[in-house]
Amino acid sequence: MSLPGSALDPTGPSTSPPPLPRLANAYRALEHGFDAAFGSAGNPLKQLGALGFLLLWLLVASGSILFIVLDTSAAGAYLSIASLADVPWMLGTALRGLHRYAADAFVLVMGLHILREWLLGRYRHWRRMIWWTGVPLVGLVFVSAVGGFWLNWDRLGQYSVVATAEWLDALPFLAAPLARNFLGDASLSDRLFTLFIFIHIGVPLLVIFGLWFHIQRISLAKVFPSRPLAGGTLAVLLALALALPVHSQGPADLGSLPTTLALDWWLLFIHPLMDATSPTTVWVLLGLAFVLLALPPFLPTAARQAVAVVYPEHCSGCARCFDDCPYSAITMVAHPNGKPGMRLAQVRADLCASCGICAGSCPSSTPFRSAEQLVTGIDMPQWPVHALRRQLVDGLRALPGPRRLVVFGCDQGAQGQLDAPDVLHFKLVCAGALPPSFIEYALRAGADAVLVNGCRAGGCAFRLGQRWTAQRLTGEREPHLRRSVPHDRWDVAWTDTGDEPALAAALDALRQRCQPGAHPASEESHR
């Protein structure tokens, strides 16, 4: 039994649907396959952002060591890098390969991260600025990557810098052609080589600064993946570095043109593209690519849900909502009652995801309060806690019996198997919106068992809802479910769309554990 049209079953989806549902479902299926292979904690597809940060740290660390051994003159750069192959125990080879393959992996992970967020529709409303701050980072990453080849100053670096100069010369506002710096048999000046160093070192600093902006609207941003994933990634990169060593391709010679080169197609694809077309065509394609990247937040979307509302007379200033908000939408300010040290939660509407996690964290959201009209410190006007309590009691009375099961389900997770006659189903926008005390309240109100259903670990549409819910139920986070609540009468099912069999199995397990009518309702105790 669901509650259609109720305050807890909004008429529209809580989040906008992905642009291509079939592709989004296919990607989710791929993620689930990786869950089975690596476990949720080691699934790289669920930690692409954190994996990108790990690769960036590896690039910074390995690049810093390489800069120490680099002869920063045009004449000595090639020999200083080539001599890494002579370092004992292949340490120099490992270092150089780690830096190159980490750069390739960074670009791959960045592309997958963009694809994932687009497929899942995560660029609208409160995520709009997060998306836009990521767009210029794509260009900065490629500028830094391409500039790294120049510092080696081998035949590949020569090809790259000449191709880049010819490409830039297509811009009409340059005073003098850049390509003439690389004509004839003249050697490269140390002054120009210093510019190469500045590009490869200065631009990554801009990337780091831009990433800081990129995650500013995300609380508890994960900038390091799980240890198994981090260790596995490092091991794979080192294995590649040793199995497929990166070698220089002969010293640069401006008096001749490189003929046969081993290109890094991940990082240098723009050069053969220009060779196949023209510099102007590449500029047009590049401009179009960035326009398309910036366009998704402008696309039509469903109306945004109402944001969280704070009720000052019921807010204790405990700051739990501030700690639990996934998008830093809540700040703590001085309470208007003027009491020294008293604080009040304040919601920034442009950052609020309307997920309800703050309501689930509020200590005044407990249904055991005797007030006829339950008003909490912070709540969602479209899914108020008072309506949840009222509909829970009314719904349990309406269930025919003899068995009564209550499911508090996440609107983003699996939905099948919940229309059974012995099931009272509440669709919450996020499992994190559920105050844990409602489990005990439902059992006292006549439910034989309660199931909390949310997204798979690491797959929460609101980032932290599944994690906070799990920690509240196990007593690791406040507000927590009291340990006196019999554990055989409640359970959790972390299921995504497509996991309906697992959800059905969890319900069947609860049915087998609970005998019909064994836990009679005690309505008078909580009216």
Side-chain angles (χ1 to χ4, degrees), residues 51-52 54-112 140-164 188 193 196-197 199-201 203-204 207 230-254 256-273 275:
L51 192 56
L54 169 67
L55 294 168
L56 178 61
W57 305 142
L58 289 176
L59 285 168
V60 170
S62 59
S64 298
I65 300 175
L66 287 171
F67 182 71
I68 293 173
V69 303
L70 174 69
D71 185 331
T72 56
S73 67
Y78 175 82
L79 290 177
S80 64
I81 296 297
S83 64
L84 290 172
D86 301 326
V87 177
W89 302 307
M90 297 186 71
L91 294 179
T93 300
L95 177 65
R96 185 177 181 184
L98 176 64
H99 193 70
R100 168 71 70 84
Y101 291 121
D104 289 331
F106 186 86
V107 170
L108 174 62
V109 167
M110 178 178 66
L112 289 175
L140 292 175
V141 165
F142 275 101
V143 170
S144 175
V146 172
F149 289 92
W150 305 346
L151 298 188
N152 187 25
W153 202 230
D154 62 352
R155 301 290 276 175
L156 180 60
Q158 175 189 342
Y159 165 72
S160 176
V161 74
V162 172
T164 301
L188 184 70
F193 196 79
F196 295 169
I197 296 173
I199 291 174
H200 192 55
I201 295 178
V203 175
V207 171
T233 301
L234 179 59
V236 169
L237 292 175
L238 286 174
L240 283 173
L242 296 175
L244 301 172
V246 177
H247 297 294
S248 298
Q249 301 184 39
D253 180 8
L254 294 178
S256 63
L257 294 177
T259 54
T260 303
L261 293 173
L263 281 181
D264 185 320
W265 289 91
W266 284 110
L267 304 178
L268 299 178
F269 70 91
I270 197 169
H271 300 327
L273 178 61
D275 292 340

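- Not counting sequence neighbours, Trp266 has no partner by the ring pair (Phe, Tyr, Trp, His ring centres under 6.0 Å) test.
- Taking the six-membered ring where the residue is Trp, Trp153 and Phe196 present tilted rings, their angle falling between 30° and 60°.
- Residues meeting the side chain to side chain contact (heavy atoms under 4.5 Å, CB included) test with Leu140, sequence neighbours left out: Leu137, Val203, Leu206, Val207.
- The two residues Leu151 and Leu70 come nearest to each other via the heavy atoms O-CD1, 4.1 Å.
- When the ring pair (Phe, Tyr, Trp, His ring centres under 6.0 Å) test is applied to Phe67, no partner is found at least two apart in sequence or on another chain.
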Which pairs would a plain distance check flag for residues 75-83, meaning a side-chain donor or acceptor within less than 3.5 Å of a matching protein atom at least two apart in sequence or in another chain?
residue, atom, partner, partner atom, Å
Ser80, OG, Asp71, N, 3.1
Ser80, OG, Gly76, O, 3.3
Ser80, OG, Ala77, O, 2.7
Ser83, OG, Leu79, O, 3.3
Ser83, OG, Ser80, O, 2.7

Is there a side chain to side chain contact (heavy atoms under 4.5 Å, CB included) between Phe106 and Val109? Walk through the geometry before answering. CA-CA 5 Å; Phe106 186 86; Val109 167; 5.9 Å; no

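- Closest heavy-atom contact between Gly147 and His200: C-ND1, 3.9 Å.
- With sequence neighbours excluded, the residues satisfying side chain to side chain donor-acceptor pair (under 3.5 Å) with Tyr159 are Asp275.
- For the side chain to side chain donor-acceptor pair (under 3.5 Å) test, residues two or more places apart in sequence or in another chain that qualify with Asp154 are Asn152.
- Between the side chain of Gln249 and the backbone N or O of Ala262 there is at least one donor-acceptor pair closer than 3.5 Å.
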Where do Val146 and Leu268 land on the side chain to side chain contact (heavy atoms under 4.5 Å, CB included) test, with the steps shown first? CA-CA 7 Å; Val146 172; Leu268 299 178; 4.0 Å; yes

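- Judged as a side-chain hydrogen bond (donor to acceptor under 3.5 Å, both in side chains), the pairs with a partner in residues 85-99 (not counting sequence neighbours) are, in order, Ser62-His99, Arg96-Ser248.
- Partners of Ser160 by side chain to side chain donor-acceptor pair (under 3.5 Å), not counting sequence neighbours, listed by chain and number: Trp150, His271.
- By the neighbour-count criterion of 12 heavy atoms within 6.0 Å, atom CG of Leu257 is sparsely surrounded, having that number or fewer from other residues, nucleotides or ligands.
- In this structure, the side chains of Leu98 and Leu234 come closer than 4.5 Å at one or more pairs of heavy atoms.
- For residues 232-251, no pair satisfies salt bridge (charged side-chain N to carboxylate O under 4.0 Å, His left out), with sequence neighbours left out.
- Closest heavy-atom contact between Leu59 and Ala103: CD2-N, 3.5 Å.
- Within the structure, salt bridge (charged side-chain N to carboxylate O under 4.0 Å, His left out) contacts touching residues 257-271 (residues at least two apart or in different chains) are Arg100-Asp264.
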Which atom pairs, donor and acceptor, lie under 3.5 Å between side-chain atoms of residues 237-246 and protein residues at least two apart or in another chain?
none

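- Here the closest heavy-atom approach between residue Arg155 and residue Leu261 is recorded as CB-CD2, 3.8 Å.
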Show the numbers, then the answer: is there a side chain to side chain contact (heavy atoms under 4.5 Å, CB included) between Phe142 and Val107? CA-CA 8 Å; Phe142 275 101; Val107 170; 3.7 Å; yes

